[in-house]
Every structure is written in structure tokens, then in C-alpha cells.
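Remember, it's a predicted structure, so these values are computed and weren't measured experimentally. A, B, ... follow the sequence lines: proteins, then strands. Residue 1 opens every chain.
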2 protein chains.
Amino acid sequence: MRIINDITDCKTCIYRKMLFPDLSDQEYDIINSARKEYIFKRGEIIRKEGETIKSFLYLRKGLVKLFKTDKSGKDQILSINKPTDFINLLSIFSNSTYKYSISALEETYVCDVDLPAMLDVIRMNSDFGMRVLNRISKISDEIIENRFEINQKQVKGRVAHILLFLSDNIYKKSSFRMPITRREVGELISMTTENTIRTFSEFKKDGLIAIEGKVITIEDFERLRNVNKTG
Amino acid sequence: MRIINDITDCKTCIYRKMLFPDLSDQEYDIINSARKEYIFKRGEIIRKEGETIKSFLYLRKGLVKLFKTDKSGKDQILSINKPTDFINLLSIFSNSTYKYSISALEETYVCDVDLPAMLDVIRMNSDFGMRVLNRISKISDEIIENRFEINQKQVKGRVAHILLFLSDNIYKKSSFRMPITRREVGELISMTTENTIRTFSEFKKDGLIAIEGKVITIEDFERLRNVNKTG
DNA sequence: CGCGGCTTTGATGTTCATCAAGTAAAGTGG
DNA sequence: CCACTTTACTTGATGAACATCAAAGCCGCG
């Protein structure tokens, strides 16, 4: 992890309109002066379960996973998040410490705004507050919705689900480099590494996907979507 | 369901201090005049998945379940909520329609405040907004945390988990009338009705609990907590 | 180049869902 | 209030889905 200085001012940041379209100059200044930028390498831990929450994190570029570790040391992945997500919104308003860890799945750029400054702006600008409220709701909803769906499926449906998630939501391509290991896929959809691999192999054998090293190509979307629905 | 008129004014409501300790008279008036009270009988649906969200619901008395129904018609229970919970906070800021249904597990009193009035007050009073933000986070966190825990356990641990949840969090007694059927217990912890019952019977046989009709008495907390941990 | 983590496949066993079938309890309508 | 219907509860038998264990090849990296 290292500090960078990519953006000189929030006012001119390309991500501005995503969440900050309606802030006054004064409000921008508050955020901008309480802001640091970090870059994390693939595999680095951005925040660890139990740490004190001191700032508001905005994912500018890259990909991260949110995960929890149980007593026996096994991880469970809650979600995979992409740019413009507020990656720590979940814990931020209800807890003083992180309830899960965040790590980078690829080179990741993060904007880090001191929490008190952020809270000041939320208090000053209620529309902005409402927008944050909206975002936080969406993120939780997605996690809950996702777990609901995963829960009803069996292994094939689960693997199809995650492949389609990566293809449709993250990469918007039929061919992509897997950002997570097979073990992590298992941790995301609550199954063992072995069964995850077996299912990948089966999909390959059946012509649903092609596998070349880390690169997955979805070859038959229709059948894969069908497995997602019925499996 | 019927309309009642238990509370004449929010200002004098006993629940006031729970979430509304810091509203001005004007703000109280806005909420109070946009407010209705309802009473729901055991089994009645309070809100149905897909309905438009028009109001803010406050659970004054009773017990409810939040649940989703899948394509095949099977329900999955997300959570059981008790008084002072804002039972529709989850969807309210991120969606225009309910993403889950809410039904009464016992006679339930609900305060229903028109959404626009609520949003006005949130905009007027940022401390109040922060309090709502905090609550919404907590509710989501609890659901996510809960699913995380349930996910790692097998049947015995899951049943122990829900029994301890009811005893510790809802009734605060070792003996209580089950507010949900065995099938619903299964829907809450992702297992079949048959296995839920089998596990109850086993706990009874092993002296962990006593069962008299709907009434469950936890007889050996220590061992039950141990099953919750290790199972 | 060797070590550790990732990937892969096979064999085995356990857990749990499903099916079946019957009893008990709780609503419902005449 | 009683016959009837429906829903809840219960137990057993069976098999499928999946976890676990084992063993070996692969890959990236210091």
C-alpha cells in the first residue's frame, strides 16, 4: 500500500457526479482537505475485521472483496465490489469497528476521507445525506438478496450464478480473467474448493465455458443462465 | 387489520425517546399528523413483497417476521423483529417497492407514518437523519451477521442458535411459547421441516429442552450454548 | 530450484433432503 | 357445537448431494 496523489481536487474528479453532484464549494473543500488517496496491490488487506473505523472509503478503481473469518479460520466472502462502491458503508454508521475485512483482488485505488469531515458534510447537506442513506441501503440489500439466492441453489446453480455475476456485472464481457481463486469462489457461494473445481470442470466438459489458465470464457450463455435458474 | 387510536400524540408516546428524542415541536407535529396506527392479528400480512413503499413503519408492540418467497413458492425468513424496530427500514431508502414481505407472528401494533413527512423531517433535522442511518445499518448488519453464522453451522447448531435467539433476545426467559411453527424455524435457518422437528426431538431426548405443546423450556443452557458453538 | 499455495481427480462417508404415512391440532362452515 | 378440512407435527426409510480425505501435478516466486 502506498499513498498517491492522483487527484488534486474532488471538484474536478471524474467520480464527482457519482455521489457528490450537489455539494457546495465549501463542502467540497471540507472533504478535499480531509482526503487521502491510497493504492493497494493485489492481495493486500485494506481494512481488517475489528479495526476502528476512522474514515470513509471510496473505491475509485480496482476490485475488492468483503469477507469475514470464523473461529476455525475459514473465510466467508460477503461480496465483491467494484469502483464507485463505498466499500465500508456497511459498518460505518452502526459500528465503531469493522465487522468484516476488505482486501484488494487487483490493483485498487481508494479515496479515504476522515469520518468526522464526512459526517459534517452529511449534517450540512441533507440531500447528500439522503444519497448516502440510499447507497448504504442498496449495498446491504444486494448482499442480503444475493445470499437469499445462493441459499436456494445447489452447487451448479451457485457456480453459474457467480460466473454470470462476474460476466454481467463486473467485466461486462463473456471472457475474463478470474479475479478470485477457486477456493474464494467456494467461500463466496458456501461450498468446498473441491466441489467448486469439480463444477468448473463439468461446465467445461459440457461446453458451457472454456478455461485457459485463469481466463474463463462463457461459451453458452443460454444454457448457463438456465443452470443458474434451475440448479 | 384495523385502525386504532391508542396514541393521541407522538410527543407523549412512550416510544418517543427510542428514536425521536431530539425533535422540535414542529417536527413532532409533522410526523404526528401524517401518522396512523394499525393493529394486526397473528398471521396477517402487514406488507407484501412488491408493494409500493408509501410509509415508514414502526413496530410498537408484537412480533413480526420478514420473509421472501422464491419462485417455487417456498419462503425464506430473513429475520424476526420485535418492538422498536423499524420493520421496513431495509427497503425504504433503496427501493420504491418492498423486497420482502412482513407478517405478524402475534398481535402487533404498528405506527405508520407517510414517507414524505418522514423524509421532510430527516431533511430538517440531520441528527435525526443520522439516527435513522444508524438504525438502518444495524438492522442490515444483524441480518448479514446472522446469515453468516447460520451458514457455518449444521442442523443442531442452527436449531440451538434460534432457540437461544428466542430465549436471549426476544423473551428473555428460559420458557416461552414458540411464536413460529417448525416449518418456519426451518425457513429461518435453511433446513427442512422434518429435520427441524427431528432436531427438536433429539434435544428433548437429550434433556436440553422440554416441549409441552407450543411451549419450549430450555433446561440446560450450558450444553445448548455448547451445541450452538460447536454444531 | 524448491517451497507453498493453487488446482485437479478419485474414493469414501456423512449429512441432510426427499418421500411416505400416520397422528394431532386447529380452523371453518353448516 | 360438531363434522369436515386443512395445516402442523412426527417418525422411519432411502438416496442424493456434498464434505472430507488423500494424493499428485502445477505454477509462481523468492
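Residues satisfying the ring-ring contact (aromatic ring centres under 6.0 Å, His included) test with A/Y171, not counting sequence neighbours, are A/F176. Every side-chain contact (heavy atoms from CB on, under 4.5 Å) that A/V155 has, sequence neighbours left out, goes to A/M191, A/T199. Legend: residues meeting salt bridge (charged side-chain N to carboxylate O under 4.0 Å, His left out) with B/E184, ordered by chain and number and at least two apart, are B/K65. B/E145 is linked by a salt bridge (charged side-chain N to carboxylate O under 4.0 Å, His left out) to A/K68, counting only residues two or more places apart in sequence or in another chain. For B/T230, the side-chain contact (heavy atoms from CB on, under 4.5 Å) partners are B/N226, not counting sequence neighbours. Partners of B/D70 according to the salt bridge (charged side-chain N to carboxylate O under 4.0 Å, His left out) rule, which considers only residues two or more places apart in sequence or in another chain, do not exist here. Qualifying salt bridge (charged side-chain N to carboxylate O under 4.0 Å, His left out) partners for B/R225, counting only residues two or more places apart in sequence or in other chains: B/D168. Contacts of A/F56 classified as ring-ring contact (aromatic ring centres under 6.0 Å, His included), with partners at least two apart in sequence or in another chain: A/F86.
Within the structure, side chain to side chain donor-acceptor pair (under 3.5 Å) contacts touching residues 200-213 of chain B (residues at least two apart or in different chains) are B/K156-B/E202.
Phosphate proximity of C/dT7 to A/K214: present, with a side-chain N or O under 4.0 Å from OP1 or OP2.
Distance B/R177 CZ to D/dA8 P: 13 Å, rounded to the nearest Å. Between the P atom of D/dC9 and the CD atom of B/E184 lies a distance of 9 Å, rounded to the nearest Å. One can place CD of B/E44 at 13 Å from P of C/dG27, the figure rounded to the nearest angstrom. One can place CD1 of B/I180 at 12 Å from P of D/dA8, the figure rounded to the nearest angstrom. For the pair A/I189 CD1 and D/dC18 P, the computed distance is 11 Å after rounding to whole Å. Summarising the geometry, the separation between CZ on B/R42 and C1' on C/dA25 is reported as 13 Å, rounded to the nearest angstrom.
Considering A/R47, A/R35, A/K36 in turn, A/R47 is the only one that fulfils the salt bridge (charged side-chain N to carboxylate O under 4.0 Å, His left out) rule with A/D112.
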Contact state string [nucleotides 25-30 of chain D, B base, S sugar-phosphate only, - no protein heavy atom under 4.0 Å]: ------
Once base and sugar-phosphate atoms are separated, protein heavy atoms under 4.0 Å mark nucleotides 8-24 of chain C, 5' to 3', with B, S and - as BBBB----SBBB-----
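The residues B/E187 and B/R183 are annotated as salt-bridged, a charged nitrogen and a carboxylate oxygen being separated by less than 4.0 angstrom.
If you check every strand for non-hydrogen atoms under 4.0 Å, B/K204 touches nothing.
For the helix from C/dC1-D/dG30 to C/dG30-D/dC1, the terminal axes (five pairs an end, C1' atoms, rotation from four pairs onto the next four) enclose an angle of 50°, given to 10 degrees.
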